[in-house]
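Report on the structure given below.
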Amino acid sequence: MTLANWCIAAACILPMAVALTPKVASVKSKDRYDNAEPRQWAGRQEGWAKRAIAAHQNGFEALPLFIAAVILAQQAHANQDRIDILAMVFVLIRVTYSIIYISNLATLRTLVWFAGIGVSLAILAHS
């Protein structure tokens, strides 16, 4: 399995890890995470917890282009080292994006989002 393929796995796990943070933090709050009604619980969140849920959703939205780009580039026998490096950069950008989103830095978040899309497009361009 290539490093880029491991990055696909990491990019798929990252949104779930981001979603876990407000759930774990809710253990000490009045509004504890409710596994019976997770969407209703998420809808009641405010502040950083609400932003973490939004970052989680955006993480899944970014996956299709990234996954397709990596697979298509590998099928086209593009330079694997380049694909691997760009895939690692994508994962680092998505980690950074999640932190920035939770921190409520909207303008910087948008710039980092564009960087992530740009990396996916760069991978795709090498296919």
* **Any residue meeting side-chain contact (heavy atoms from CB on, under 4.5 Å) with A42, in chain and number order, not counting sequence neighbours** => I53
* Determine, step by step, whether C7 and F90 satisfy the side-chain contact (heavy atoms from CB on, under 4.5 Å) criterion, reporting the C-alpha distance in whole Å, the side-chain angles of both residues, the deciding distance to 0.1 Å, and the verdict. => CA-CA 8 Å; C7 288; F90 178 84; over 6 Å; no
* For D31, all residues meeting side chain to side chain donor-acceptor pair (under 3.5 Å), sequence neighbours excluded -> R44, Q45
* To do: Compare all side-chain heavy atoms of N35 with those of W41 and state whether any distance is below 4.5 angstrom.
  => no
Expected list for residues 103-112: side-chain donor-acceptor pairs under 3.5 angstrom, two or more places apart:
| unit_1 | atom_1 | unit_2 | atom_2 | d |
| --- | --- | --- | --- | --- |
| S103 | OG | I99 | O | 2.8 |
| T110 | OG1 | A106 | O | 3.2 |

Could you give the side-chain donor-acceptor pairs of residues 63-82 under 3.5 Å, partners two or more places apart or in another chain?
| unit_1 | atom_1 | unit_2 | atom_2 | d |
| --- | --- | --- | --- | --- |
| Q74 | OE1 | T2 | OG1 | 2.8 |
| Q74 | OE1 | Q80 | NE2 | 3.0 |
| Q74 | NE2 | N5 | OD1 | 2.8 |
| N79 | OD1 | D81 | N | 2.9 |
| N79 | OD1 | R82 | N | 2.9 |
| Q80 | NE2 | D84 | OD1 | 2.8 |

* To do: Could you check Y101 against H56 for side-chain contact (heavy atoms from CB on, under 4.5 Å), going step by step and ending with a plain yes or no?
  => CA-CA 10 Å; Y101 203 141; H56 150 261; over 6 Å; no
* Structure fact -> Tightest non-hydrogen contact, residues I83 and A4, listed as CG2-CB, 3.7 Å
* Is any side-chain heavy atom of C12 less than 4.5 Å from a side-chain heavy atom of I8? -> yes
* **ILVMFWY cluster, L92 and F114 together (side-chain gap under 4.5 Å)** => no
* Structure fact -> Apart from V27 itself, members of its ILVMFWY cluster (side-chain separation under 4.5 Å) are none
N/O donor-acceptor pairs under 3.5 Å from side chains in residues 14-26, not counting sequence neighbours:
| unit_1 | atom_1 | unit_2 | atom_2 | d |
| --- | --- | --- | --- | --- |
| T21 | OG1 | V18 | O | 2.7 |
| S26 | OG | K23 | O | 2.7 |
| S26 | OG | Y33 | N | 2.8 |

* Asked: Distance from L86 atom CG to L124 atom CG, nearest 0.5 Å?
  -> 11.5 Å
* Asked: For the atom pair CZ (R51) and OG (S98), what is the distance rounded to the nearest 0.5 Å?
  -> 13.0 Å
* To do: Look at atom CD of Q40 and say whether more than 12 heavy atoms of other residues, nucleotides or ligands are closer to it than 6.0 Å.
  => yes
* To do: Establish whether V91 and W6 are linked, either directly or via other cluster members, by ILVMFWY side-chain heavy-atom contacts under 4.5 Å.
  => no
* Joint cluster assignment, V119 & I100, ILVMFWY side-chain distance < 4.5 Å -> yes
